[in-house]
Amino acid sequence: MAKSRFSVVFFGTPELAVPFLHEFAAHPRFDVKAVVTQPDRPAGRKHLLTPPPVKIAAEELRLIVHQTASLKKNQALQKILEGYQVDLCIAVAIGLLLPLSVLKIPRAGTINMHPSLLPKFRGPSPVQSAILADEKITGISVMLLDEGMDTGPILKQMRLPIGEKDTTESLYAQIQHHGPRLLSETALGYLENAFKPTPQDDSLATQTFLLKKTDGKIDWRQDAASIARMVRAFVPWPGAYFEWQDQKIDILQAEFSEKRPKPPGYIFENAGHVFVATGKGSLKLKVVKPSGKKAMSIDEFVRGRPGFVGSSLS
RNA sequence: CGCGGGGUGGAGCAAUUGGAAGCUCGUCAGGCUCAUAACCUGAAGGUUGCCGGUUCGAGUCCGGCCCCCGCAA
């Protein structure tokens with residue numbers, strides 16, 4: 001009665017999605033018929049055409065790869081996908097809109113992993129937004145896609161605590177560690193009717209937005225606790241930064257401190273540590289990265305820059 | 001031909017118009033101290049990324065190459 005193997009098509013693009021693809025490719029109950037990802041794009045300093053990470057992984061696994069910049073407009077690809085006659089589609093950070101015409105192709109619909117506890121933090125920057133919002137818990141949601149942006153019914157969720165030192169980078173690692181199995185088990189359970197989709201409560205929904213590089217510029221009039229969260233949320237990208245002597249300097253690690261003996265933006269030293277005063281409290285700098293340089297401890301940074309301590313940041 | 005920053009002892013940075021390669025830190029040795037990430041004295045450690053050129057003389061100027069990093073995508 002129960003099928004022993006389910007055929008699927010995998011949709012994904014960035015590094016985050018790669019462990020999920022591996023999970024399904026290696027899983028005895030799933031048969032990955034094809035992988036859909038975004039086109040190669042010019043990247044890097046020489047603008048070399050670079051394939052997305054999922055494509056590289058898929059080719060290593062000898063899977064069929066389809067690339068497209070838009071599923072909505074690509075009728076030919078839709079026909080091909082229909083031809084696979086799969087049970088389910090899996091979408092992990094595809095970065096493309098999946099139109100209804102595509103969602104309807106697989107017999108059982110399309111299942112998706114979203115790194116937040118939906119309905120909170122819908123949209124493209126859920127992890128960063130959760131840190132910025134000072135959430136203590138976030139998570140991974142496995143849901144069915146519908147036409148809306150992360151609005152589909154939920155099948156299963158896993159909670160992940162956000163520690164004092166967690167960053168977007170460290171939480172992504174957690175998601176890559178726990179997510180693949182959660183997704184494959186949930187997909188299997190769903191296909192075998194063990195899970196019932198639960199609609200989201202739209203009244204509790206919050207929306208996140210795509211981050212821009214300039215969102216990382218620090219405003220020292222804000223309070224130090226928020227700035228410290230910003231540093232954690234923006235690692236590794238877009239990076240929280242300030243400018244000093246026409247040089248852009250990313251803060252990779254910093255801590256919040258209550259004391260604030262000086263006006264916002266003033267850089268001072270206390271007990272061997274370097275602080276920047278803010279609108280409320282101050283920020284203890286720990287690891288920074290001047291553009292064009294490698295990451296270094298604040299001690300090293302200050303050593304070669306006499307005059308940094310004692311100056312003011314705007 | 002996308003734009004830009006940078007390679008100088010182990011680390012971070014200097015070096016005016018080409019004219020003895022220095023500073024801060026670390027390391028090692030010794031000293032002082034009840035003690036210390038403190039302080040004092042001394043020492044080691046460089047083919048200034050690589051190759052070639054100009055010059056009496058190149059870290060510095062010219063040409064080529066390698067490597068690191070940011071922007072942009």
Side-chain angles (χ1 to χ4, degrees), chain A residues 11-18 36-59 65-74 92-97 123-125 127-128 167-169 172 208-219 227 230-255 257 259 267-276 283-314:
Chain A
F11 292 74
T13 302
E15 195 60 46
L16 178 71
V18 170
V36 178
T37 190
Q38 292 194 31
D40 294 3
R41 296 192 186 281
R45 288 169 199 110
K46 288 171 187 164
H47 258 199
L48 297 174
L49 216 52
T50 305
V54 162
K55 179 187 177 185
I56 296 170
E59 287 180 340
V65 177
H66 301 289
Q67 293 180 273
T68 185
S70 166
L71 286 158
K72 194 173 183 177
K73 293 178 188 161
N74 196 334
V92 179
I94 175 67
L96 296 173
L97 180 77
S125 61
V127 176
Q128 293 89 336
T167 62
T168 296
E169 194 172 35
Y172 265 51
T208 69
F209 303 92
L210 207 56
L211 294 172
K212 298 189 299 286
K213 185 71 197 169
T214 47
D215 291 334
K217 185 167 168 72
I218 292 171
D219 177 356
I227 296 173
M230 188 171 148
V231 169
R232 293 192 291 127
F234 287 8
V235 169
W237 198 90
Y241 66 93
F242 61 87
E243 278 158 17
W244 186 72
Q245 295 191 348
D246 292 328
Q247 207 177 18
K248 182 169 151 289
I249 294 153
D250 281 15
I251 301 179
L252 270 43
Q253 276 182 44
E255 276 173 19
S257 163
K259 287 175 290 189
I267 302 161
F268 62 98
E269 201 168 339
N270 185 13
H273 298 292
V274 178
F275 298 83
V276 184
L283 195 72
K284 184 206 278 185
L285 303 181
K286 298 182 79 175
V287 179
V288 296
K289 183 183 173 313
S291 66
K293 293 291 189 178
K294 293 179 179 173
M296 62 183 79
S297 72
I298 190 64
D299 292 335
E300 290 169 326
F301 178 80
V302 166
R303 199 163 292 144
R305 291 167 186 77
F308 179 71
V309 173
S311 62
S312 261
L313 303 171
S314 56

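By convention in this document, chain letters (A, B, ...) are assigned in the order of the sequence lines, proteins followed by strands, and residues within each chain are numbered from 1.
Taking atom P on both nucleotides, B:G45 is separated from B:A29 by 16 Å, rounded to a whole Å. Rounded to whole Å, the P atom of B:C13 lies 15 Å from the corresponding atom of B:C69. Across B:A20 and B:G31, the matching P atoms stand 39 Å from one another, rounded to whole Å. Taking the P atom of each, B:U60 and B:U24 are spaced 25 Å apart, rounded to whole Å. B:G30 and B:G5 have their C1' atoms separated by 44 Å, given to the nearest Å. When the C1' atom is compared between B:C25 and B:U33, the two are found 23 Å apart, to the nearest whole Å. Here, B:C62 and B:G10 have their C1' atoms 33 Å apart, quoted to the whole Å. With both ends at atom P, the span from B:A15 to B:C23 equals 15 Å, rounded to whole Å.
Put simply, the side chain of A:Val276 does not reach to within 4.5 Å of the side chain of A:Ile227, judged on heavy atoms.
Pairing partner, B:C61: B:G53, with both Watson-Crick or wobble hydrogen-bond distances short of 3.5 Å. Remark: B:C32 base-pairs with no nucleotide; criterion is Watson-Crick or G-U wobble with both hydrogen-bond distances under 3.5 Å. Base pairing annotation: B:A43 forms a Watson-Crick or G-U wobble pair with B:U27, both donor-acceptor distances under 3.5 Å. With a cut-off of 3.5 Å on both Watson-Crick or G-U wobble distances, the partner of B:U17 is given as none.
Every residue meeting the side chain to side chain donor-acceptor pair (under 3.5 Å) condition with A:Gln67, not counting sequence neighbours, appears here in chain and number order: A:Asp40, A:Lys55. Under the rule for a salt bridge (Lys or Arg N to Asp or Glu O under 4.0 Å), the partners of A:Asp219 that lie at least two apart in sequence or sit in another chain are A:Arg221. In this structure, the side-chain contact (heavy atoms from CB on, under 4.5 Å) partners of A:Leu210, at least two apart in sequence or on a different chain, are A:Pro124. With sequence neighbours excluded, the residues that form a side chain to side chain donor-acceptor pair (under 3.5 Å) with A:Arg41 are A:Gln38. The salt bridge (Lys or Arg N to Asp or Glu O under 4.0 Å) search around A:Lys286 returns A:Glu255, not counting sequence neighbours. In this view, A:Lys294 satisfies the salt bridge (Lys or Arg N to Asp or Glu O under 4.0 Å) rule with no residue, not counting sequence neighbours.
The backbone N or O of A:Thr37 lies less than 3.5 Å from no partner atom in the side chain of A:Thr13, so there is not a single donor-acceptor pair.
RNA chain B lies under 4.0 Å from no heavy atom of any residue of residues 307-314 of chain A.
Across all strands, A:Arg305 comes closer than 4.0 Å only to sugar-phosphate atoms, never to a base (heavy-atom distances).
Environment of NZ in A:Lys213: crowded, with over 12 heavy atoms of neighbouring residues, nucleotides or ligands closer than 6.0 Å.
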Cut-off 3.5 Å, no hydrogens considered: what does the side-chain donor-acceptor table look like for residues 236-252 of chain A, sequence neighbours left out?
from	atom 1	to	atom 2	distance (Å)
A:Trp244	NE1	A:Ser311	OG	3.1
A:Lys248	NZ	A:Asp250	OD1	3.4

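Nucleotides of RNA chain B nearest to A:Arg41 and A:Gly304 differ in position, and the one nearer the 5' end is that of A:Gly304. Mapping A:Glu300 and A:Gln247 onto RNA chain B via the closest heavy atom, the residue that lands nearer the 5' end is A:Gln247.
Contact footprint of chain A on RNA chain B: nucleotides with an atom under 4.0 Å from a non-hydrogen protein atom, first to last in 5' to 3' order, B:G2 to B:A73.
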